[in-house]
Amino acid sequence: MAGRNDPQGSNRDIREDFRAEIREFLGTRRARVTPEQAGLPVYGGERRRVTGLRREEVALLAGISSEYYTRLERGNATGVSESVIEGIAQALQLDEAERIHLNDLLRGAGTTRPPRRRPAQQRVRPTVRRVLDSMAGTPAFVLSGRGDILAANHLGRALFSPVYADPVRPPNNARFVFLSPHATEFFRHWDEVANDAVAMLRAEAGRDLYDRRLTDLIGELSTRSEEFRRRWAAHNVRMHTTGVKLLHHPVVGDLDLPFETFPLGDGPSQFLLTYTAEPASPSQDALNLLASWAATNDDIERSAPDDDYSEPADPAERPD
């Protein structure tokens, strides 16, 4: 994605960026499905040059011609029908997040001009802020699709105090995961968190390859983190809406916190993230202790510039 927002990029056919993403995404999906997994016969003396399915095998499973699938994998996405997409999704054993991502890429490859830009500023609605503040016993955040923490309640800032220690604003989950030396201690299952962070950014990139701040973030992480580069090259996407986060907070120790995410409206990509603890559990005790610590720690309030945060206007991202 590097260079897609430079001045020279405006003179190129923007569909090429999406076509490249389609090639890489479908290629990595083919590589992970073996003929045995797809129910295809493999003969004893057969020598295969690919680790997964061949293009012609995907075409056979999807019920389309090999030539047509080859053109599609090369990014020629004009007029692709829903039945063809469904056939390819079944052949490659795509999950729901991967199907959505493929649809996003195909839609982008079929356009002739960049999509209308998102507003330069991501604002959290006052009603959403009141909801956050009303959840006194629940750490809660509003995140952007890039993983920026746009707002948090008092307990949320206390829980994520190591993330807020980064002076860069707004705090960003992926930047903390890959660039902070404290991330592997804070996230007890760091590998899983790192995979999820990259999968979220990959899905967001499929929705909008021309979000300048997203491409700048990906460029920064690719330059500074080998762990990020390796995961980014895998082209994995995932819907990460519920689960359990295993944390080690520097003040209260270990917490096992189930989380839920909820989309917010139909504007710029934002979602509400909440953490809870099982009643009468050690994690609930730790969360109660964290709330007491936060109530007497003035640094928590001073770490909350997101209430006043606004992104500087970027002329390149204004709507046409």
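- Contact of the L26 side chain with the V58 side chain is not registered, since no non-hydrogen atoms from C-beta on lie closer than 4.5 Å.
- For E67 and R71, the salt-bridge test fails: no basic side-chain N is under 4.0 Å from an acidic carboxylate O.
- Aromatic rings from F160 and F176 are positioned such that their centres are separated by 6.0 Å or more.
- No side-chain N or O of N153 forms a donor-acceptor pair with one of D133 less than 3.5 Å apart.
- One hydrophobic cluster holds both F259 and F271 under the rule that ILVMFWY side chains link at heavy-atom gaps under 4.5 Å.
- In this structure, a donor-acceptor pair under 3.5 Å is absent between the side chains of S144 and Q270.
- Taking the six-membered ring where tryptophan is involved, the planes of W190 and F178 are perpendicular, since the angle between them exceeds 60° and thus also 30°.
- Side chain to side chain, R29 and N236 meet the donor-acceptor criterion of an N or O pair below 3.5 Å.
- At a threshold of 4.5 Å between non-hydrogen side-chain atoms, the residues L273 and V142 do not count as touching.
- Looking only at side-chain heavy atoms (C-beta outward), K245 and P258 stay at 4.5 Å or farther from each other.
- Salt bridge R30/E57: absent, no basic N to carboxylate O contact under 4.0 Å.
- Two residues are said to be in side-chain contact when any heavy atoms from C-beta on lie closer than 4.5 Å; L287 and L255 meet this criterion.
- Residues V84 and Y68 meet the side-chain proximity criterion, which asks for heavy atoms closer than 4.5 Å.
- One side chain, N195 or R231, offers a donor N or O that lies under 3.5 Å from an acceptor on the other.
- Between R213 and D216, no side-chain nitrogen of the basic residue sits less than 4.0 Å from a carboxylate oxygen of the acidic one, so the salt-bridge criterion is not met.
- Using a 4.5 Å heavy-atom cutoff, the side chains of L272 and L132 are in contact.
- For the residue pair S281/S283, the side-chain donor-acceptor check at 3.5 Å is not satisfied.
- Taking the ring centroids of H101 and F25, they lie under the 6.0 Å cut-off.
- Considering only heavy atoms from C-beta on, R175 comes within 4.5 Å of D166 through its side chain.
- A single hydrophobic cluster is not seen to contain both V131 and L143; linkage of ILVMFWY side chains at heavy-atom distances under 4.5 Å, directly or through other members, places them apart.
- Salt bridge present: R188 and D256 bring a charged side-chain N and a carboxylate O closer than 4.0 Å.
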